Amino acid sequence: MILVVIGAALLIIVAFVVLVIMLRRILGRIVAAAKTVRSDEHAGAQRGADEIVARADTQAQEIITDAEARAKEASAAARAEAEKEIKSLKEDLRPVREDLERRETRLGEREQRLDDEVRRLEERSRELAGASQALKERKAELERVEEERQRVLEKAARLTAEQAKTELVAAIENQAKRAAALIVRDIENEARDEGEKRARKIVTLAIQRVATEQTAESVVSVLHLPSDEMKGRIIGREGRNIRAFETTTGVNLIIDDTPEAVLLSCFDPVRREVGRITLEKLVLDGRIHPQRIEEIYDHSKAEVDQLCVRAGEDALVELGVTDMHPELIALLGRLKYRTSYGQNVLKHLIESAHIAGIMAAELKLPAPLLKRCTLLHDIGKALTHEVEGSHALIGAEIARRYGEDEEVVHAIEAHHNEVEVRTVEAVLTQAADSISGGRPGARRESLEAYVKRLERLEEIATEREGVEKVFAMQAGREVRVMVRPDSVDDIQAQVIAHDIAKQVEDELTYPGQIRITVVRESRATEFAR
């Protein structure tokens with residue numbers, strides 16, 4: 001609004017100035033025209049010109065006066081309007097100015113406080129710098145005192161600090177090792193005496209009270225014939241009978257120069273037994289042809305299945321175990337025809353169950369549960385030729401499938417440490433299994449395999465650094481390692497025993513367990529004066 005008023009005033013003033021300039025130009029032209037009038041008309045023209053100039057001056061003066069009056073009126077109105085607008089703006093800007101003044105006041109107060117805080121921080125920093133300097137001086141003084149004290153002590157002891165520290169640590173370590181060795185030896189001797197006494201009692205009672213029949217079977221069965229001419233009938237025309245027999249039963253029939261005998265070979269003991277019974281019935285019947293072979297095979301297979309069930313039931317009756325799934329009983333009976341290192345597996349299970357029951361009675365534990373765990377711990381061997389995996393894990397899965405308790409399942413899967421042992425039943429199952437399989441005469445192996453195992457045992461022990469002599473004892477059940485005392489200390493002897501045992505477990509196959517004994521002979525000589 002103010003700008004509009006000022007602009008209008010300026011326009012009026014400019015118009016007035018332009019008008020004055022034009023009037024003056026007109027007057028100049030009139031004067032010039034009057035000067036050119038002839039001389040004879042000079043007087044009259046002069047008077048006329050004077051009159052015209054006078055009238056023109058009068059008119060111009062009136063116009064100027066009127067323009068000045070209008071300009072003054074316009075300027076006064078514009079000034080009043082501008083002053084009014086300025087006054088209104090000032091009224092509007094007053095709260096803003098007051099707010100700005102208040103903010104400036106607060107900012108000033110805040111700056112004052114910040115200045116005060118900065119001054120306090122500077123004073124605190126100077127104080128801390130002084131304290132830090134004092135601490136540094138104190139630390140330097142203490143270090144000088146400590147160095148002086150250390151020099152005095154080293155001079156008195158004739159040893160440096162590192163030498164004294166090394167001797168002190170060695171002396172304390174030696175004393176600690178000696179004290180720990182004495183304590184460990186006393187504890188081991190006490191535990192060994194007590195453990196051997198109780199173990200000897202339990203194992204002796206268990207072995208004395210168990211008397212089971214041992215059988216030695218292999219992958220070959222022998223069937224005696226009434227005469228050698230029966231071999232021809234078994235072979236048949238162009239070998240059709242022997243081919244039909246091997247195809248139906250899955251058993252290889254070996255007919256050689258052995259008088260009045262044939263051999264049946266098969267790695268599946270149950271299938272081999274079915275083939276043996278089939279061939280025996282065919283020989284007794286005399287009618288040998290492919291159709292008859294199939295008929296006799298079906299009857300023999302059903303008979304062997306019944307024999308397996310009966311064998312399993314007899315084992316349960318002998319041990320006093322009840323409430324077992326029929327499928328488990330049948331699988332248990334199939335182990336009658338299975339051997340492990342020449343030891344019949346079913347007889348091994350029965351023997352182990354008797355031993356576990358006796359140990360449970362001595363330890364005041366439930367004997368039926370221990371017998372059940374031990375009886376079923378090798379149940380997986382009945383299916384190892386049909387299912388991939390370890391017999392311990394296979395047996396645990398079978399027992400779980402047929403509703404056995406979790407304690408029984410855990411004892412089965414942990415008896416070869418494939419699963420961490422968590423219960424007492426699993427520990428006793430392992431012990432009974434080791435006693436039955438590791439006792440003298442329980443298992444057999446070929447002489448060649450036995451000699452190779454002993455040689456490998458000695459080689460594994462001899463490979464260790466510091467070993468002087470190695471002796472395989474007790475038919476390979478214990479290895480004694482003699483080490484040089486000057487190159488192997490007591491801790492290294494323990495490490496050697498552990499490494500040998502680990503390598504033997506990884507490389508060799510053996511019944512029972514092998515004991516690794518590292519012997520380190522040390523002599524200490526002193527003179528009494």
Side-chain angles (χ1 to χ4, degrees), residues 206 210 212 268-271 304-341 343-361 363 365-437 511-512:
V210 175
T212 58
D268 187 346
V270 177
R271 185 183 294 274
V304 170
D305 291 339
Q306 292 178 359
L307 291 175
C308 291
V309 174
R310 186 178 304 170
E313 292 175 347
D314 292 342
L316 296 181
V317 171
E318 181 178 350
L319 296 173
V321 178
T322 58
D323 298 331
M324 186 174 291
H325 196 279
E327 292 295 332
L328 280 179
I329 297 175
L331 290 175
L332 190 64
R334 290 170 66 90
L335 297 176
K336 174 183 178 181
Y337 304 103
R338 176 71 183 266
T339 60
S340 177
Y341 292 97
Q343 184 180 25
N344 184 274
V345 177
L346 181 58
K347 297 296 183 181
H348 163 65
L349 295 180
I350 296 173
E351 180 181 3
S352 301
H354 281 301
I355 295 173
I358 296 170
M359 289 192 295
L363 298 174
L365 295 175
L369 178 60
L370 263 299
K371 288 183 177 181
R372 196 179 194 93
C373 294
T374 314
L375 179 64
L376 295 176
H377 78 272
D378 277 343
I379 192 68
K381 289 184 178 181
L383 296 176
T384 50
H385 58 286
E386 300 175 5
V387 181
E388 295 292 335
S390 168
H391 75 275
L393 300 180
I394 295 172
E397 182 63 27
I398 294 171
R400 185 180 289 110
R401 184 188 307 167
Y402 291 121
E404 291 295 327
D405 295 336
E406 191 59 33
E407 291 85 355
V408 178
V409 174
H410 175 65
I412 296 172
E413 66 184 2
H415 78 276
H416 280 320
N417 292 317
E418 293 176 334
V419 175
E420 184 180 358
V421 178
R422 300 189 303 269
T423 62
V424 178
E425 290 80 6
V427 175
L428 291 180
T429 300
Q430 286 184 340
D433 181 31
S434 299
I435 293 172
S436 176

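Just so it is clear, the structure is predicted and the values come from calculations on it, not from any experiment.
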Next item on the list: Output, in order, the C-alpha distance, side-chain angles, deciding distance and verdict of side-chain contact (heavy atoms from CB on, under 4.5 Å) for Leu370 and Met359.
Entry: CA-CA 9 Å; Leu370 263 299; Met359 289 192 295; over 6 Å; no
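- Residues satisfying the salt bridge (Lys or Arg N to Asp or Glu O under 4.0 Å) test with Glu420, not counting sequence neighbours, are none.
- From Tyr402, atom OH reaches atom CG of Leu331 across 6.5 Å, with rounding to the nearest 0.5 Å.
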Please output the side-chain donor-acceptor pairs of residues 304-312 that fall under 3.5 Å, not counting sequence neighbours, one pair per line with the distance.
none

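- Separation of atoms CD1 (Ile355) and CG (Asp433) is listed at 9.5 Å; rounding is to 0.5 Å.
- Note that CG of Asp314 and CG of Leu332 are 10.5 Å apart. Values are rounded to the nearest 0.5 Å.
- Heavy atoms only, all atoms of each residue included: Gly357 and Ala367 are closest at O-CB, 4.0 Å.
- The two residues Ala432 and Ser352 make their nearest non-hydrogen contact at CB-O, 3.5 Å.
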Checklist line | Stepwise side-chain contact (heavy atoms from CB on, under 4.5 Å) check, Met324 with Leu376 | finding: CA-CA 11 Å; Met324 186 174 291; Leu376 295 176; 3.9 Å; yes
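- With values rounded to the nearest 0.5 angstrom, Thr423 atom OG1 is found 4.0 Å from His410 atom NE2.
- Remark: the backbone N or O of Lys381 is not paired with any side-chain donor or acceptor of Asp378 at under 3.5 angstrom.
- Taking OG1 of Thr374 as the reference point, atom NE2 of His348 lies at 9.0 Å (rounded to 0.5 Å).
- Residue Leu335 comes nearest to Ala382 through the heavy atom pair CD2-N, 3.5 Å, listed as atom of the first residue, atom of the second, then distance.
- Looking at heavy atoms from C-beta onward, Leu428 lies in side-chain contact with Leu363 at the 4.5 angstrom threshold.
- Shortest non-hydrogen contact noted between Thr429 and His377 is CG2-CB, 3.8 Å.
- By the 4.5 Å heavy-atom criterion applied to side chains, Thr322 and Leu316 are not counted as neighbours.
- Side-chain N or O atoms of Gln430 include one that pairs as donor or acceptor with a backbone N or O of Ala414 at under 3.5 Å.
- By the salt bridge (Lys or Arg N to Asp or Glu O under 4.0 Å) test, Glu407 pairs with no residue at all, sequence neighbours left out.
- Rounding to the nearest 0.5 Å places CZ of Arg338 at 8.5 Å from NE2 of His391.
- With contacts defined as side-chain heavy-atom distances shorter than 4.5 Å, the pair His325/Arg401 does not qualify.
- In plain terms, the two heavy atoms of Lys336 and Asn344 that are nearest each other are O-ND2, 2.6 Å.
- Looking at every heavy atom in both residues, Ile412 comes nearest to Gly395 through CG2-C, 3.7 Å.
- No donor-acceptor pair under 3.5 Å is formed between the side chain of His416 and the backbone N or O of Glu418.
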